[in-house]
Every structure is written in structure tokens, then in C-alpha cells.
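Each chain gets a letter, A, B and so on, in the order its sequence line appears, and its residues count up from 1.
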Number of protein chains: 2
Amino acid sequence: MADVAALAGVSAQTVSRVSMGASNVRDETRDRVLAAMQQLGYSPNSAARALRYGQYGTFGVIAHRLARTGESRTVEAVVEAARDHGYTVTLVDVESPSSDDVSAAVARLSHQAIDGLVIIRAETATPDSLLLPPRLPVAVSDSRFVGHHPAVGTDQTGGAQRAVEHLLGLGHRTVHHVTGPEDSRPALQRAEGWRATLTAAGRDVPPPVTGDWSAGSGYAAGRALATQSEVTAVFCANDEMAAGLIHALHEAGRDVPGDVSVVGFDDILLAEHLWPPLTTVAQDFAAVGRELVDLLMRQVRDGEVLTDVHTLVPVRLVVRASTAPPR
Amino acid sequence: MADVAALAGVSAQTVSRVSMGASNVRDETRDRVLAAMQQLGYSPNSAARALRYGQYGTFGVIAHRLARTGESRTVEAVVEAARDHGYTVTLVDVESPSSDDVSAAVARLSHQAIDGLVIIRAETATPDSLLLPPRLPVAVSDSRFVGHHPAVGTDQTGGAQRAVEHLLGLGHRTVHHVTGPEDSRPALQRAEGWRATLTAAGRDVPPPVTGDWSAGSGYAAGRALATQSEVTAVFCANDEMAAGLIHALHEAGRDVPGDVSVVGFDDILLAEHLWPPLTTVAQDFAAVGRELVDLLMRQVRDGEVLTDVHTLVPVRLVVRASTAPPR
DNA sequence: GAGAGCGGTGTTAACGTAAACATCTTACCC
DNA sequence: GGGTAAGATGTTTACGTTAACACCGCTCTC
């Protein structure tokens, strides 16, 4: 900057004014400064700016297994919402959602230059285990943190309820369930919604099969369930597992939806083009992302303290061809 | 920091030493400083550190439509590789891969605190249109930038060749093709590989159908191709479009692979569990991510100038159940 | 024509940290 | 016991930027 100032024959402050786009600079001066910038290849040092300004223009995001699931949808939505507020996003992908890994990610990020932190799927982590830097605005997409940090949750139980009611409404006597991993809060909520809805309808609650969100685990579950002829309807805790399940059912010669109806959860981009197209509970990932960023903005910009805020994003049942009345 | 120093009865420099983990601090002093940090909720200011140190510990990543495709796989791999080198990643998701959008993203990021920049799928952007800050290390996953920036490419033409040869080897007379968007370099390369392989084998080159990477466009292509009984083998430029295509074929009553064999590209996580499980060209996303980060590290750490480096990552044909000899 | 006001520009200081150097204390050696 | 070395701690300074204020010269007003 000093070099640019010297070359343009002005003070550093004037260079600063030009690079900030301030109006009170004579056109002729501005041109001279811009030329000098160009010639010297100057670009402003953002560390110094951040130091001066006290803000970084960046939010941290802790996500889990980015490539899988709706995770990337949420991240995309957060990135987009952050951009709309002029923020960029620093991403940390943790391998497992365990308390240790998430805490390590928090530790890594808290030494980074961030104005706020979004945690997507904290799973087993507990509010106390996080060791967050004090005064760092946080937003979590897990209702378990209500009372500690502002949270945005999808209506998991409502979604499960709608899925099960849809299947019962088609005439199935009961609905089997492939769960997510036991340490996942959304998985537990979906399972709880499934169980409660069956119970409320006075139906048997068959033993659930445990998966791990992956299509492979859905496939394994499907191989187990395919042998049981009384299984006519399965609610899978996410779409990937539903795809794996359908794969196994097809392989075993069972028709979907003729022999078995299948419902997923998430409405991933491929759900519509699986075979058969998958009936599923659509999550509004964009809304979750927007809301998470909004919670951060209210803390960063307005200085609000939001520990008790809890937003619930509604879901929507999308009926496609993977469900039908039982034969 | 000054407050911590005062409370602990030491100088700011000693506080710095403690927070840097320097060894030459008496245990008793360290404990006092740590206690003061705890009490005051001190955490070091990373802008100041970056200013002092001249580095940010962050790479920028420009990606396109994160939620879709292998994109998120590459991003995940980059994030992971960067982490292994102690770097975090700042993500910018551009809506379209147009020159304007990518340039805008570069402009946004170059005002951010980054030590290097990864551009994934620059597509229509040209080296000159990017307006990169001078001296910013860059790595691009697009061979078009060879000579300007170091590049990592997947062996697109080789992958297409293997897909087509696989189908011809099964006995198909020719292979139809659903392309990616025309402004995408990888799409063009895959199409070129397809065309060249057919030509080399002395087969007819049927007119390709243009898609846009989305499953929906594959579905549209499938509806068109399903009516043509001479179509027995289709190579789709990615797995999503293959899924859409298969959906359309199934809907039209055409069996896969009985009537029509289908090959995709990417080997997305769901490819194995589509119905039928999809034969596809597996990209080594992790290798691409690692290589991209490695190119940045060589520039950042060793000061190398790498404009002419071009790494080609090999692909692998994964044969599953969506391909078979023609009836 | 003197004072006020304003646009353009320069000067000073501060943001929080860590390297470099200076100083102090302690332990050890002959 | 004096000298030396090593370890612990403090002081100074600079990183690059911008807010706040100071200044200059011009125009406008009465």
C-alpha cells in the first residue's frame, strides 16, 4: 500500500479511500491510484482489514460427511444464505459426528477467523462438550441444544408421522422401519414418530432394523426384510437407505410397490428418478440453511442473545410411485 | 491479551508464548496465564495473527452446485486434504459455471483471507477472464488452464473410451450418448472420447442428446431415446442423467439391461444401489482433491511456480448390472 | 473582502499479535 | 566467589489497514 501511495504520489490513506470506493476522491487522483495498484499488482490485505474492522466476513460450518445425504444440500443453502448477507463460509468436515471429532473441529475453527459458527448435525456431542469460545455466535441444526444455543430443527417426528399415516391410509396393516444410527438425534426422532403413529393407530410395532444412513446399510436391511412375507410397507429414515432397500427387494424378486411399499426421508435430488420414483418426506434444506444463517446474523449484527430460540421447519410428504395399496 | 497479561501479572509477550505453546515458560507462570485466559474468556485474535504471520491457513474453493454430482465428493476430498496440511477451506458456491459468475466468485474470495485458490469446474471461464489477484497460488481442475495455472484433470476421454468399448465388447452395434451441457469442458471431452472410440471401431456415430447433468435432463433424453427401438446401448455423461434415463426407459416398458444397456460416469455413492445397479466410470475424486491441494502446497510452501503442471487422474470402469449383451 | 463551509488530501494512532532483542535471575563451574 | 551460560521474562517494534482528526484551498455569501 505504501508503494502504491508513493508511486501515485499520494498518501496511504488516499489509497485506502480508493480501494474502499470512497466518494471523496478526485477522479484524476483515483485514476492515478488505480493505475499504480494495477502496475504493482496491489490487492488489499484482508487480515489487516479484519484486524482493523473487528470482523471477518466469514462463518464457520461444521458438517459431517459432506458427500452424503442432504448434508450437502444444507451446506449449499447455508453458503448461499451467507453470501446473501455478504459472508463467506469456512467448512470443516468431520469424519464422525462423535463428540470428540466435533469438539476437535470446533477447536480448529475457533482459531480461525470466523464471526459465527454453524453446526450441522452435532449428533452425540453435548452442549457442554463443545468448548466453544465464549461470545462466539452459534447456530445448531439440532434441537438438543435448545437452552444452550439457538437451534433450527426439521419436523422429524411430524415427517415420520406423515409417512406412516400415508402407508396406513393405503391399507397396510403395519409399517416396518429402517432407522438411522442410534447416536443420531434425527434418527431417534424419526423412529419415535414412526413408533408413536403406529401405537396411536393401534397397530403392531415390528422391531426396527438399524442402519447407518448409507445405501449399503439399507441394502443389508432389505435383504433381511425381503425374506419376511408379512412385510408390505417400510419406512426408511433416509432416501439412501430406501434406495438400498429397494435394490435388495428387487434382487429378491419382490416388487415395489406391488409387494412392498417404501417411503424415504429427505427428498434427495435423485429420489424422483430412482426406480420406482421414491415416495419420501421432503425436507426444506434451503429453509434450514437460511434460518441458521439468520440466527447468526441476529447475533452478529444485532447483538441478540438467542439461547432459547428453536425454529421448527415443516416437512412435506411427496407421494411418488414407490407406495401403493397392499395386494 | 493485555487484560490477560495484567490479570496474570505478566507481559503480553508471555501471554503470547503461552497461547503459542512455547516451551520456555515456567510452569507456574503458565498456569497463572491459563487461569487468567479462562477467567476472561480470552481466545487469540486470528486476524492479528494472520497479519503478523503473513498467512491465513485457509484455501478458497470455488465450486458449482455443491449439492449435485461428484462435486461434493471433490470438495470433501479437498477439505480433507487441506486439513491434513493444517489448512481450512473457504467455500464459494457459484450458481452457474459461467465466466461472469466464476469471476465474481474470484473477486469475492480475493478480498477474503486465503493463501490459495482451488477452482473446481471453471467451465466457460477462460484464463484471462478470471482477474485473479497476482501472486495468488491457484489450482484448477480443468485442463484448459494448462499454461496459465496448474491443473488436475480426470481422464475424461479415457473413461468415455472404456465405457464405449465395454458396450461394444458386449456386442452392441453402436452406442448412443447423452452429453453434459455444451459449455462444460468435461462434457465435451467425454463426448469426444465417445465419438472417437466409435469412429475408431468403424461404427456409426448416432446424434448425441444434450443434457445438463441433472437427472431430469437424463429423463427427458430417455423419453426421446425409448421410442427408438434401434437404441440398445447408451453412455450417459454422468450418473444422475443415467438414473433419469433408466427411469424413462422403465416407464416406457423397456428393460435395462435386457433391451437397453446403460453406462454412467462418476460412480456416485448411490450408483451401486440404483436399479439396476449402474455400470459406470469411477472417478477418483479423492485423488483429484489431494492433488489440487498438493499443487497449492507446493506453491505456498515451496514457492514453486507451476503454470505448466498438468496431472491426469486415471479412471476405472465399474461393471454392474445395467449392461448386458443385446438381445 | 472576510468568514463560513466544503471537498480533497495528509497525519496520527490504533486494531492484537509475535519476532527480535534486552534484561534479569538462577545455576553451575573452576 | 567471580564469571559464564542458560532459562525466564519484559520491551520495542512492525505487520497493513482505516477511523478520526487536521489541514489546505476554493467557492459562496452577505
Side-chain angles (χ1 to χ4, degrees), chain A residues 1-37 39-58 86 110-115 133-136 300, chain B residues 1-58 86 109-115 133-136 300:
Chain A
M1 181 153 143
D3 297 345
V4 172
L7 179 58
V10 298
S11 71
Q13 180 59 39
T14 299
V15 176
S16 167
R17 280 192 259 262
V18 170
S19 81
M20 303 270 293
S23 58
N24 52 345
V25 177
R26 207 151 36 108
D27 284 352
E28 192 252 331
T29 307
R30 181 192 317 277
D31 291 345
R32 232 170 46 236
V33 171
L34 287 174
M37 286 178 171
Q39 183 177 337
L40 295 176
Y42 166 85
S43 71
N45 179 305
S46 35
R49 278 198 169 163
L51 177 60
R52 194 70 246 279
Y53 197 60
Q55 298 210 346
Y56 305 100
T58 300
S110 59
H111 290 286
Q112 281 302 119
I114 57 172
D115 299 318
R135 287 184 293 278
L136 179 68
V300 169
Chain B
M1 181 153 145
D3 296 346
V4 172
L7 179 58
V10 298
S11 71
Q13 181 58 43
T14 299
V15 176
S16 167
R17 280 192 260 262
V18 170
S19 81
M20 301 270 292
S23 59
N24 53 345
V25 177
R26 206 152 35 108
D27 285 353
E28 192 253 333
T29 308
R30 182 192 315 277
D31 291 346
R32 233 171 44 236
V33 171
L34 288 174
M37 285 178 171
Q38 187 86 30
Q39 181 176 337
L40 295 175
Y42 166 85
S43 71
N45 179 304
S46 35
R49 280 199 167 162
L51 177 60
R52 192 72 243 282
Y53 196 59
Q55 298 210 347
Y56 305 102
T58 300
L109 265 181
S110 59
H111 289 287
Q112 282 302 120
I114 58 173
D115 300 318
R135 288 184 291 279
L136 179 68
V300 169

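For C:dG8, neither phosphate oxygen OP1 nor OP2 lies less than 4.0 angstrom from any side-chain nitrogen or oxygen of A:T14. At C:dC15, none of the side-chain N or O atoms of A:Y56 fall inside 4.0 Å of OP1 or OP2 (strictly under the cut-off). Listed pair B:R49 / C:dA18 meets the phosphate criterion, a side-chain N or O lying under 4.0 Å from OP1 or OP2. Note on B:T29: every side-chain N or O is 4.0 Å or more away from OP1 and OP2 of D:dA8. For D:dG16, neither phosphate oxygen OP1 nor OP2 lies less than 4.0 angstrom from any side-chain nitrogen or oxygen of A:S16.
B:N45 has its CG atom 18 Å from the P atom of D:dC15, to the nearest Å. One interatomic measurement links the two molecules: CD of A:Q13 to P of D:dC24, which rounds to 18 Å at whole-angstrom precision. Look at CD on B:E28: it is 8 Å from P on D:dT9, rounded to the nearest Å. Residue B:N24 contributes atom CG, which lies 16 Å from atom C1' of D:dA5 at whole-angstrom precision. The separation between B:M1 atom CE and D:dC15 atom P is 18 Å, rounded to whole Å. We find that CD of B:Q55 is positioned 14 Å from C1' of D:dC15, with the value rounded to whole Å. Distance CG (A:L51) to P (C:dA13): 18 Å, rounded to an integer number of Å. The distance from atom OH of B:Y53 to atom P of D:dC15 is 17 Å, rounded to the nearest whole Å.
Side-chain N/O atoms of B:R52 and base N/O atoms of D:dG16 include no donor-acceptor pair closer than 3.5 Å. For A:R30 and C:dG8, a side-chain-to-base donor-acceptor distance below 3.5 Å is absent, hydrogens and geometry of angles not being considered.
Side-chain contact, B:R32 with B:T14: no donor N or O sits under 3.5 Å from an acceptor N or O. A donor atom on one side chain and an acceptor atom on the other are found under 3.5 Å apart for A:R49 and A:S19.
Interatomic distance, B:D31 CG to B:R26 CZ, rounded to the nearest 0.5 Å: 10.5 Å. Atom OG1 of residue B:T29 and atom CZ of residue B:R17 lie 10.5 Å apart, to the nearest 0.5 angstrom. The structure places OG of A:S46 at 8.0 Å from CD1 of B:I114, a figure rounded to the nearest 0.5 Å.
The side chain of A:A48 lies closest to D:dT17 when the candidates are D:dT17, C:dT9, D:dG10. The listed nucleotides are C:dT9, C:dT17, D:dT9; the one nearest the side chain of B:P44 is C:dT17.
Within 4.0 Å of B:V10, counting heavy atoms only, lie sugar-phosphate atoms of the nucleic acid but no base atom.
The residue among A:A2 and A:R17 whose nearest nucleotide of DNA chain D lies closer to the 5′ end is A:A2.
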